[in-house]
**Student:** 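Before anything else, here's the structure in question.
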Amino acid sequence: MDRKLLKPSNINKLKDIRTPFYLYDMKLFRETVSEVVRLSSLYGIDVHYAVKANAGKPFLRHMASEGFGADCVSGNEVLCAIENGFSPDKIAFAGVGKTDREIETALKNGIFALTCESLPEISVINELAGRLGKKADILVRINPDIDAHTHKYITTGLEENKFGVSGHDFDALTGLLADCGNVNFKGLHFHIGSQILDVEEVFGLECRRAKEIARYFEDKGLEISHIDLGGGLGVDYEAPDEHPVPDFEKWFRTIAEGMTGGKRENPRYHIHIEPGRSIVAQCGSLITRVLFVKNGIDKTFLITDAGMNDLIRPALYGASHRIVNLTAESDHEGDTAVYDVVGPVCESSDVWAEGISLPAAMRGDMLAILSAGAYGQVMASRYNLRDLAPAVWLDWNGDEAVLSF
Ligand code: LLP
């Protein structure tokens, strides 16, 4: 979060907005995107933004205008990406359970590739493409059986996960592709998990496995022109102010060296990646107010007007997000106290943080729950019939915040 936000005139601008809401910093977002654009051209790696992380229109439009492709996981995401300016020939569509309707949407729009996750899916795509008189461009998602050292709900490349085609199906896959006349096989896809922090080790291993598996299929006579290594770069949830822009350089370098030995000339494969979280997480905060300061027997609770329905990551993954008391830091700074910060939803897991030290808080204080730009608003629900928290877009005119709704 940009500390300029704590300037009284800026805090005043936020005060009248009904909480909770998501506040997105467009300046930080543009800086993040510029860094990705720079590295994409430096290393010759194509970037497809993972729309599932945040489908906010200003984000999508800007990335589309910077030439990004999109990685989608539903027919609606494909349509949303196209509506917001992404070129269909840069859209990849993954997902283990695509409906016929979604497959047809992708085929009719001529996207870059349907990323197929099973043999039966390839057969169905072949049949539907035939009916439409089209040839379906596909990547095949491979399950490389790699441990991404991340939370078990967001690891996707282990043999026991539902994602991708595993080793025991490789021979059958080769035969099937030879039989599918309406399918144009373009290459392989890998995505091994999310919030990966052991960048060199995990992505280095992913590259080695990708090359091994690609060679295996080439030896069987398949031509592979594209390799998509998915997303997964982690962000610093503990100290977001120290690392507002994630270490993309390390990620791109690891992949470039892993796939081509760092050489850009005549690379064997066209390399793609699909970052989601790393682009938008640090650009968003969930802004909420303290409804009550409640004294328990051993604890003091800060009860906020935002709940797990607005941001489910703590309840679902035990994720921790830094919390800043915007009001206290800007105008009534004093002692600190230890709090359990909790939401209003009727579930015991509706907890933001336990036993954290914050400036002494009062009813009405505005809190920012940081690093909430990815998998926040998109995963919100109306549980308890609560309203959905809207987006507020923050830009800067020098030190002055400019808000749009
Ligand atoms: N490509 C594919 C095929 C994916 O499944 C995903 C994310 C991405 C790319 C983008 O990964 P990223 O760069 O964002 O790590 N809701 C969870 C994260 C779920 C990730 C799902 N797949 C969370 O809040 O941590």
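Counting starts at 1 for both ligands and their atoms, in listed order. Treat the numbers as computed from the prediction; the structure is a model and nothing was measured. These numbers come from the heavy atoms of this one structure, side chains and all, not from hydrogens, waters or symmetry mates.
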**Student:** Under 4.0 Å from ligand 1, counting heavy atoms only, is it the side chain of H191, its backbone, both or neither?
**Tutor:** side chain
**Student:** Can you name the one residue among K90, H189, H48 that meets side-chain hydrogen bond (donor to acceptor under 3.5 Å, both in side chains) with H272?
**Tutor:** H48
**Student:** Give a yes or no on whether a salt bridge exists between E329 and R3, defined as a side-chain N under 4.0 angstrom from a carboxylate O.
**Tutor:** yes
**Student:** Quick check on G232 - does any of its heavy atoms sit under 4.0 Å from an atom of ligand 1?
**Tutor:** yes
**Student:** Are any of the N/O atoms on S278, whether in the backbone or the side chain, positioned under 3.5 angstrom from an N/O atom of ligand 1?
**Tutor:** no
**Student:** Please check if the distance between the ring centroids of F217 and F170 is under 6.0 Å.
**Tutor:** yes
**Student:** Hey, is ligand 1 close enough to S194 that some N/O pair sits below 3.5 Å?
**Tutor:** yes
**Student:** Looking at CG of N143 and OG of S166, how far apart are the two atoms once the value is rounded to the nearest 0.5 Å?
**Tutor:** 4.0 Å
**Student:** Could you verify whether a donor N or O on one side chain and an acceptor N or O on the other, from Y383 and E347, lie under 3.5 Å apart?
**Tutor:** yes
**Student:** Is any N or O atom of G276, backbone or side chain, closer than 3.5 Å to an N or O atom of ligand 1?
**Tutor:** yes
**Student:** As an exercise, identify every atom of ligand 1 less than 4.0 angstrom from a heavy atom of E274.
**Tutor:** 1 (N), 2 (C), 3 (C), 8 (C), 9 (C), 10 (C), 13 (O)
**Student:** Could you tell me whether R277 approaches ligand 1 through its side chain, its backbone, both or neither, with non-hydrogen atoms closer than 4.0 Å?
**Tutor:** both
**Student:** H48 near ligand 1, heavy-atom distance under 4.0 Å?
**Tutor:** no
**Student:** Run the numbers for me: atoms of ligand 1, each under 4.0 Å from some heavy atom of P275, listed by number.
**Tutor:** 13 (O)
**Student:** Would the number of heavy atoms belonging to other residues, nucleotides or ligands and lying under 6.0 Å from NZ of K4 be above 12?
**Tutor:** yes
**Student:** Quick test of your reading of the structure: of R141, K52, M379, whose heavy atom lies closest to atom 6 (C) of ligand 1?
**Tutor:** K52
**Student:** Going by the rule side-chain contact (heavy atoms from CB on, under 4.5 Å), which residues pair with K250 if we only count those two or more places apart in sequence or in a different chain?
**Tutor:** V199, E200, D247, R253, T254
**Student:** Is it true that A53 lies under 4.0 Å from ligand 1, counting heavy atoms only?
**Tutor:** no
**Student:** Tell me which one of R38, E257, E249 satisfies side-chain hydrogen bond (donor to acceptor under 3.5 Å, both in side chains) with Y43.
**Tutor:** E249
**Student:** Please identify each residue that fulfils salt bridge (charged side-chain N to carboxylate O under 4.0 Å, His left out) with D395, with sequence neighbours left out.
**Tutor:** R30
**Student:** Would you check the N or O atoms of H189, main chain and side chain alike, for any that come under 3.5 Å of an N or O of ligand 1?
**Tutor:** no
**Student:** By number and element, which atoms of ligand 1 are closer than 4.0 Å to a non-hydrogen atom of G231?
**Tutor:** 9 (C), 13 (O)
